[in-house]
J.: 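Questions regarding the structure given below will be posed in turn.
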Amino acid sequence: WGWALNPCAGGGVGAWTYHYSDQGDYTWEQARNYCQTFFTDLVAIQNQQEIEYLNRSLPYHARYYWIGIRKLGGVWTWVGTRKALTKEAENWALGEPNNRRSNQDCVEIYIQRPQQSGKWNDEPCSRKKKALCYRASCQPFPCSQRGECVETIGSYRCECYPGFHGPECAEVVQCAELEPKGVHMNCSHPYGDFSYNSTCEFRCQEGFERRGAGMLRCLPSQEWSANIPTCTAITCPALSAPAQGEMSCSHLHGDFTFGSTCAFSCQMGFALMGAQSRECTATGTWTGDTTRWCYLRCHRPLADPGIFSSVLVLSFQQFSLIV
Ligand SMILES: *[C@@H]1O[C@H](CO)[C@@H](O)[C@H](O)[C@H]1NC(C)=O
């Protein structure tokens, strides 16, 4: 069984606990299996202080201890991360790795050796040594995968990404529920209703235009990225009554806006040229002709059935004007 060593208590180094097999020795493969079964893995030594700490704290063993480095495809590799050993991280004993016997593809650490203590040596993997393991508190998918897991003394702490909180980052930031009026809203909620990263799109019905943002996002600050937009009726150019005439409008959504209708009429004795009524459309234009005025009835087109009747009307109108 292992014997826990806490590097933080000992020297303030590292963030995990170390363990070793104090009963029995193992080949490198068996040692790795042992560490992975009872702890996290064979140690992956990060720095010089860690090496010093291990050398100081572990008992002497004539066959020394296996660590988590081996030659893979001709390259010395940290097995836990599958990263190649960098020059700076190397800690070989003098003259090592020497590959004296063939296939010296595994690495031992000299603990409490009279010379070269704490250094590494390449050894055949089938040799039997103690397993030097570590245990990390952070699990493979830590902090609900919504934060960084930080190893602490014998435990861990989650540093949640923006938008999440709680010891395991399981809780998500809430924004106020949106209740728009007179505007269509379409939301997507990746983490829960009106929560962090929820987005809502806004659309106005035909004949209306949006004032404000088209999309709102729930921010880590619990605020929406903008205010809810509003929809206002599209306006048409203002109309006026023709000379000698009148205009009468009904406005559904506002003066001369989408849905407004205006009717035109002329004073007695005048006739209207152009549309009698016009409507403001969704595109901001009026239906019907622009040209629109009142003309004296006598000025009517010459395409009349008979000249005689035209003359009669004309003389009647002139008569009434004189009177
Ligand atoms: C939140 O949304 C932004 C923008 O789409 C995206 O870049 C980010 O990855 C999202 N964050 C999470 C945690 O889903």
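Atoms within each ligand, like the ligands themselves, are counted from 1 in listed order. The chain is numbered in sequence order, starting from 1. Side chains included, hydrogens not; waters and symmetry mates left out as well; all remaining heavy atoms used.
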J.: Between Tyr191 and Tyr196, what is the ring plane arrangement, given parallel below 30°, perpendicular above 60°, and tilted in between?
T.: parallel
J.: Does Arg217 approach ligand 1 within less than 4.0 angstrom via side chain, backbone, both or neither, non-hydrogen atoms only?
T.: side chain
J.: Would a 4.0 Å cut-off, counted as strictly less than, catch a protein heavy atom around atom 14 (O) of ligand 1?
T.: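 Given the 4.0 Å limit, the answer for atom 14 (O) of ligand 1 is yes, a protein heavy atom qualifies.
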J.: Could Arg70 and Trp28 be counted as a cation-pi pair, given that NZ or CZ must be under 6.0 Å from the ring centre and within 45° of the axis?
T.: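 Geometry flag: set, cation within 6.0 Å and 45°.
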J.: Check whether any protein heavy atom sits under 4.0 Å from atom 9 (O) of ligand 1.
T.: no
J.: Could you tell me whether Glu90 atom CD has more than 12 heavy atoms of other residues or ligands within 6.0 Å of it?
T.: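 For Glu90, atom CD is crowded (more than 12 foreign heavy atoms under 6.0 Å).
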J.: I'd like to check which ligand 1 atoms, numbered from 1 as shown, lie under 4.0 Å from a non-hydrogen atom of Tyr196.
T.: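 Once the distances to Tyr196 are compared, the set is 1 (C), 11 (N), 13 (C).
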J.: Over 60° means perpendicular and under 30° means parallel, so tell me whether His253 and Phe208 are parallel, tilted or perpendicular.
T.: perpendicular
J.: Once you restrict to heavy atoms under 4.0 Å, what part of Tyr191 touches ligand 1? Side chain, backbone, both or neither.
T.: side chain
J.: Return the closest protein heavy atom for atom 6 (C) of ligand 1 as residue, atom name and distance.
T.: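 Among all protein heavy atoms, the one nearest atom 6 (C) of ligand 1 is Asn197 ND2, 4.2 Å.
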J.: So, is the end of the Lys83 side chain (NZ or CZ) under 6.0 Å from the ring centre of Trp78 and within 45° of the ring's axis?
T.: no
